[in-house]
Amino acid sequence: ILSLILIMLGIGGYYGVNYYLKNKVVEVTDETLKQNSFIYSDSSITVNYDGFAKGTTASGIALKLSEPFADGKIENIFLEHSDSHTSVSKEEFMSIVGISAGQTLIRSLGGNYMLGAYKTLTANEPFIAIEINNFDTVFAEMLKWEPKMINDLRKIFGLTSLPQSISLSPKPFIDKVYLNQDTRVVLMPATNEPVLFYTFLDTKTLLIAKNPTIITELQNRLITGANK
């Protein structure tokens, strides 16, 4: 009888623990979201992308990126599904914001990406950082994507008022060095100021942004894993 009681207790304990693990509620805190961004962020906000009306996702994200926060800080925009509260994958993100990069490029990108903004004294500077699997393939495919990049990113990066000489150019990007970093950049004709660029922070990280002044800050955080 004692053996039977111990067996029953063991079975009951197993199912009890199993039920708890399956139904455990994981609290997603601001600190958790910081840890989930592969480049350290000072703050994070969760955005339910299912809540945007059809065709307004990129514009809605752009509004989130423009919301005020502290100077010199980085904010991570964490996109999630409303029903499952799971993060939006790299493939889903590129699709919902209208990025038309080729499948070879998408397959060569890693699973981790970060959508965020760096606050300077004058503006929020939006950026997309993506882990990559193969540097040579990604660079070659980025060159192919260049003629469409401005149009694909115009809403999320606020590039809607660029002159047609830029937006319709078949070769809008040029090589330029910023902060000792090789970049491919689009310049405003009248001022030679950058309006969009991309670079590789290292052989595993692609950065797409508007203002090259954020390069050093992101490199430091990528190397140290924290704010210097």
Side-chain angles (χ1 to χ4, degrees), residues 18-70 73-103 105-119 123-133 138 145 149 151-160 198 201 204-210 214 217-218 221-222 225-227:
N18 193 47
Y19 176 84
Y20 168 76
L21 291 174
K22 285 185 176 180
N23 293 275
K24 182 174 63 173
V25 176
V26 178
E27 182 181 2
V28 179
T29 63
D30 187 66
E31 192 62 36
T32 302
L33 294 178
K34 290 181 192 177
Q35 295 168 1
N36 285 343
S37 59
F38 72 95
I39 296 177
Y40 178 86
S41 61
D42 301 287
S43 61
S44 297
I45 59 173
T46 301
V47 176
N48 167 22
Y49 99 93
D50 301 310
F52 295 114
K54 186 176 181 180
T56 67
T57 304
S59 299
I61 293 174
L63 287 175
K64 290 293 182 181
L65 289 170
S66 66
E67 291 180 354
F69 58 98
K73 304 297 184 181
I74 287 180
E75 185 164 79
N76 175 36
I77 307 296
F78 184 80
L79 301 175
E80 72 168 16
H81 295 283
S82 58
D83 51 352
S84 61
H85 297 290
T86 56
S87 59
V88 171
S89 70
K90 164 202 66 184
E91 292 82 3
E92 290 173 312
F93 166 68
M94 298 184 79
S95 175
I96 62 179
V97 300
I99 294 176
S100 62
Q103 287 301 309
L105 173 57
I106 294 174
R107 287 193 299 269
S108 300
L109 300 175
N112 290 325
Y113 73 93
M114 179 180 177
L115 172 66
Y118 175 62
K119 181 65 166 66
N124 290 10
E125 297 296 344
F127 67 87
I128 300 170
I130 311 176
E131 288 185 337
I132 62 176
N133 294 324
V138 170
W145 182 32
M149 278 185 69
N151 186 61
D152 288 354
L153 299 173
R154 63 188 180 88
K155 289 183 179 179
I156 197 169
F157 277 177
L159 304 173
T160 54
Y198 68 90
L201 298 178
K204 293 293 184 182
T205 311
L206 168 67
L207 171 67
I208 305 172
K210 294 171 61 178
I214 73 173
E217 181 68 25
L218 290 176
R221 291 178 183 234
L222 188 64
N227 185 18

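Since we're looking at a predicted model, the values are computed, not measured. Just so you know, these numbers use all the heavy atoms, side chains as well, and skip hydrogens, waters and symmetry mates.
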Participant: I'd like to check the salt bridge (Lys or Arg N to Asp or Glu O under 4.0 Å) partners of E67; sequence neighbours left out, ordered by chain and number.
Facilitator: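 Per chain and number, E67 pairs via salt bridge (Lys or Arg N to Asp or Glu O under 4.0 Å) with K64.
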Participant: Rounded to the nearest 0.5 Å, what separation is found between the CD1 atom of I214 and the CZ atom of R221?
Facilitator: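 Output value for this atom pair is 11.0 Å.
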Participant: Got a sec, which residues hit side-chain contact (heavy atoms from CB on, under 4.5 Å) with S95, two or more places apart in sequence or on another chain?
Facilitator: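 side-chain contact (heavy atoms from CB on, under 4.5 Å) list for S95, sorted by chain: empty.
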Participant: Does the ring center of Y113 lie less than 6.0 Å from the ring center of F93?
Facilitator: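 Yes, the ring of Y113 comes within the 6.0 Å limit of the ring of F93, centre to centre.
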Participant: Counting only N and O atoms by type, is there a donor-acceptor contact under 3.5 Å from the side chain of N133 to the main-chain atoms of L109?
Facilitator: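 Side chain of N133 to backbone of L109, a donor-acceptor pair under 3.5 Å: yes, one is there.
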Participant: Using the side-chain hydrogen bond (donor to acceptor under 3.5 Å, both in side chains) criterion, which residues pair with S87? Sequence neighbours excluded.
Facilitator: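 Scan of S87 (side-chain hydrogen bond (donor to acceptor under 3.5 Å, both in side chains), adjacent residues dropped) gives none.
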Participant: As an exercise, state the distance from CG of D42 to CD of E75, rounded to the nearest 0.5 Å.
Facilitator: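 Going from the CG atom of D42 to the CD atom of E75 covers 9.5 Å.
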Participant: Could I get the full list of ring pair (Phe, Tyr, Trp, His ring centres under 6.0 Å) partners for Y198, not counting sequence neighbours?
Facilitator: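 Here the qualifying residues are F173.
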Participant: Give, for atom CD1 of I132 and atom NZ of K204, the distance between the pair rounded to the nearest 0.5 Å.
Facilitator: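 With rounding to 0.5 Å, CD1 (I132) is 7.0 Å from NZ (K204).
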Participant: Mind running side chain to side chain contact (heavy atoms under 4.5 Å, CB included) on K73 and S41 for me, showing each step along the way?
Facilitator: CA-CA 8 Å; K73 304 297 184 181; S41 61; over 6 Å; no
Participant: Which residues satisfy the side-chain hydrogen bond (donor to acceptor under 3.5 Å, both in side chains) test with T160, sequence neighbours excluded?
Facilitator: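 With sequence neighbours excluded, T160 shows a side-chain hydrogen bond (donor to acceptor under 3.5 Å, both in side chains) to no residue whatsoever.
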Participant: Measure across I208 and W145 and return the closest heavy-atom pair with its distance rounded to 0.1 Å.
Facilitator: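 Looks like CD1-CZ3, 4.0 Å.
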Participant: For residues M94 and D152, determine if any side-chain heavy atom of one lies less than 4.5 Å from a side-chain heavy atom of the other.
Facilitator: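 M94 does not reach D152 side chain to side chain.
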Participant: Calculate, to the nearest 0.5 Å, the distance between atoms CD and CD belonging to E91 and Q103 respectively.
Facilitator: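 Rounded to the nearest 0.5 Å, the CD-CD separation comes to 8.5 Å.
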Participant: Is there a side-chain contact between I128 and F157 in this structure, where contact means two heavy atoms from C-beta onward sitting under 4.5 Å apart?
Facilitator: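 Heavy-atom side-chain distance check passes, below 4.5 Å.
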Participant: For N124, check side-chain hydrogen bond (donor to acceptor under 3.5 Å, both in side chains) against everything at least two apart and list the hits.
Facilitator: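 Partners of N124 by the side-chain hydrogen bond (donor to acceptor under 3.5 Å, both in side chains) criterion come out as none, since no residue qualifies.
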Participant: Return the CG to OG1 distance between L79 and T86, rounded to the nearest 0.5 Å.
Facilitator: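 One gets 11.5 Å once the value is rounded to the nearest 0.5 Å.
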Participant: Looking at side-chain heavy atoms only, is the closest gap between I74 and Y40 below 4.5 Å?
Facilitator: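 A side-chain contact under 4.5 Å is absent here.
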Participant: With K119, which residues qualify under salt bridge (Lys or Arg N to Asp or Glu O under 4.0 Å), at least two apart?
Facilitator: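 K119 satisfies salt bridge (Lys or Arg N to Asp or Glu O under 4.0 Å) with D71 only.
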Participant: Step by step, would you call I99 with L153 a side chain to side chain contact (heavy atoms under 4.5 Å, CB included)?
Facilitator: CA-CA 7 Å; I99 294 176; L153 299 173; 4.0 Å; yes
Participant: For L65, give me all partners under side-chain contact (heavy atoms from CB on, under 4.5 Å), at least two apart in sequence or on another chain.
Facilitator: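 Partners of L65 by the side-chain contact (heavy atoms from CB on, under 4.5 Å) criterion, ordered by chain and then number, come out as I61, I77, L115, A117, P126, I156.
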Participant: Say you draw a straight line from CG of N76 to CD1 of I45; how long is it, rounded to the nearest 0.5 Å?
Facilitator: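 N76 atom CG to I45 atom CD1 measures 9.0 Å (nearest 0.5 Å).
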Participant: Does the side chain of L218 reach to within under 4.5 Å of the side chain of Y118, using non-hydrogen atoms?
Facilitator: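 Counting from C-beta outward, L218 and Y118 never come under 4.5 Å.
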Participant: Can you check side chain to side chain contact (heavy atoms under 4.5 Å, CB included) on N112 and K90, steps first, answer last?
Facilitator: CA-CA 7 Å; N112 290 325; K90 164 202 66 184; over 6 Å; no
Participant: Could I get the full list of side-chain hydrogen bond (donor to acceptor under 3.5 Å, both in side chains) partners for N151, not counting sequence neighbours?
Facilitator: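 Expected list: R154.
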